[in-house]
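So that the names make sense, note that chain A is the first sequence line, chain B the second, and so on, each numbered from 1.
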There are 2 protein chains.
Amino acid sequence: MESASLLKRHGLRSTPVRRLLLEIMDATEHAVSHADLEQQVGGEADRVTLYRALNTFEEHGIIHKVLDREGVARFALCMDNCSTHTHVDEHLHFQCTVCSNVYCLPIEHYPRVSMPNGFNLVRLSLVAEGVCKRCN
Amino acid sequence: MESASLLKRHGLRSTPVRRLLLEIMDATEHAVSHADLEQQVGGEADRVTLYRALNTFEEHGIIHKVLDREGVARFALCMDNCSTHTHVDEHLHFQCTVCSNVYCLPIEHYPRVSMPNGFNLVRLSLVAEGVCKRCN
DNA sequence: ATAAACAATGCAACACTATTGCATTTGCAA
DNA sequence: TTGCAAATGCAATAGTGTTGCATTGTTTAT
Ligand SMILES: [Mn+2]
Ligand SMILES: [Mn+2]
Ligand SMILES: [Zn+2]
Ligand SMILES: [Zn+2]
């Protein structure tokens with residue numbers, strides 16, 4: 001029910017596959033890969049449909065994508081109020097070296113860095129590695 | 001000549017392909033992808049040989065790998081004295097949104113972040129986006 | 001200089017992530 | 001309820017990266 005209104009709110013059609021994807025991501029405390037979703041969805045949808053749904057969600061600011069250290073995309077619901085033209089997502093992405101899960105971790109003071117001359121900074125991403133709370 | 005001794009110093013055999021790769025990376029001020037190298041090498045070596053040489057270099061601390069925002073690996077010579085078991089590389093990786101080049105940028109104060117309870121930080125990577133000095 | 005030992009290379013095949021085209025189905029609004 | 005635009009399924013394709021195996025090349029010792 002919640003996922004249907006979330007889709008409506010972003011001007012997207014409410015379809016079974018989309019609602020299912022959103023419910024899976026809402027029930028997971030870490031970012032999920034396409035392979036994760038494909039496995040959980042089972043035979044309910046084609047892999048291409050999942051890719052397209054995820055791309056659509058990202059374009060509309062419903063989810064955001066983060067690449068893990070293998071370069072594979074993982075997706076998580078946006079916490080801040082993102083929309084088509086405003087993606088905020090100023091938090092740290094932490095990948096566990098044991099279970100490989102990727103967590104979105106808000107941190108109190110997001111660091112600022114000063115750039116060398118000529119380089120114009122637009123966005124700074126923090127990617128951390130370590131052991132997560134479940135693997136400790 | 002320089003590349004040959006670099007290889008020797010790391011206990012690696014000096015071969016034409018390896019020397020060529022090192023010379024290309026030494027002459028480039030930004031990180032290079034496998035596709036870049038394959039194009040510059042021309043028909044001098046097989047793609048698989050390049051992959052294997054790059055992996056070997058990384059394992060021995062001669063180069064380090066950084067994934068760009070498409071998840072593609074880019075390689076650059078290590079500045080610090082890295083070896084098989086000590087990779088340092090505490091600098092910022094900056095990808096230009098115009099030319100897509102990735103630069104290794106040393107910064108004066110490498111930031112520290114405090115982690116939420118239960119999460120054990122091992123390494124923090126900084127990945128920046130913006131416009132590089134040549135595209136400005 | 002020669003030969004043996006072992007590492008590096010080339011080639012083919014493969015795994016995996018991701019995208020595109022096109023026909024069909026479905027959601028939604030008139 | 002009907003029509004249209006959007007979403008889906010299926011097949012094909014591109015790109016990155018790895019593995020197995022036979023062959024070639026580098027190094028070390030003789
Ligand atoms: Mn996140
Ligand atoms: Mn670097
Ligand atoms: Zn873990
Ligand atoms: Zn640039």
*Do the side chain of A:Arg19 and the base of C:dG27 come within less than 3.5 angstrom through a donor-acceptor pair of N or O atoms?*
no
*Do B:Glu23 and B:Ser3 have side-chain N/O donor and acceptor atoms under 3.5 Å apart?*
yes
*For C:dG10, take OP1 and OP2 only and decide whether either is under 4.0 Å from a side-chain N or O of B:Thr49.*
yes
*Nearest to side-chain heavy atoms of B:Arg13, which nucleotide of C:dT9, D:dA5, C:dC6*: C:dC6
*Taking the six-membered ring for Trp and the single ring otherwise, decide whether the centroids of A:His93 and A:Tyr103 are under 6.0 Å apart.*
no
*Using 4.0 Å as the upper bound for N to carboxylate O, is an ion pair formed by A:Arg112 and A:Glu90?*
yes
*asked:* Checking contacts here: which listed nucleotide (C:dA8, C:dG21, C:dT17) is nearest the side-chain heavy atoms of A:Arg52?
replied: C:dG21
*Ignoring backbone atoms, establish whether B:Tyr51 has a side-chain N or O less than 4.0 Å from OP1 or OP2 of D:dT18.*
no
*Which of these nucleotides, D:dC10, C:dG10, D:dG17, is closest to any side-chain atom of A:Asp46?*
D:dC10
*Tell me what A:Glu38 touches on the nucleic acid: a base, only sugar-phosphate, or nothing, going by heavy atoms under 4.0 Å.*
nothing
*asked:* Need to verify one output field. Residue with the more 5' nearest nucleotide on DNA chain D, A:Arg47 or A:Ala53?
replied: A:Ala53
*With the side chain of B:Ala73 defined as its heavy atoms from C-beta on, choose the nearest nucleotide among D:dG9, D:dG17, C:dC11.*
D:dG17
*asked:* What is the separation between atom CD on A:Glu59 and atom P on D:dA6, rounded to the nearest whole Å?
replied: 14 Å
*Could you tell me which non-hydrogen atom of B:Leu50 sits nearest to which non-hydrogen atom of B:Ala45, and how far apart they are?*
CD2-CB, 4.0 Å
*With heavy atoms under 4.0 Å as the rule, sort A:Ser14 into base, sugar-phosphate or nothing.*
sugar-phosphate
*Between C:dT20 atom P and A:Leu50 atom CG, what is the distance in whole Å?*
17 Å
_Shortest side-chain distance from B:Lys8, nucleotide among D:dG9, C:dC11, D:dT27_ = D:dT27
*Atom CG of B:Asn55 to atom C1' of D:dG17: distance rounded to whole Å?*
9 Å
*asked:* Does C:dT9 have OP1 or OP2 under 4.0 Å away from a side-chain N or O of B:Thr15?
replied: yes
*Whole-Å gap separating P (D:dT16) and CG (B:Leu54)*: 13 Å
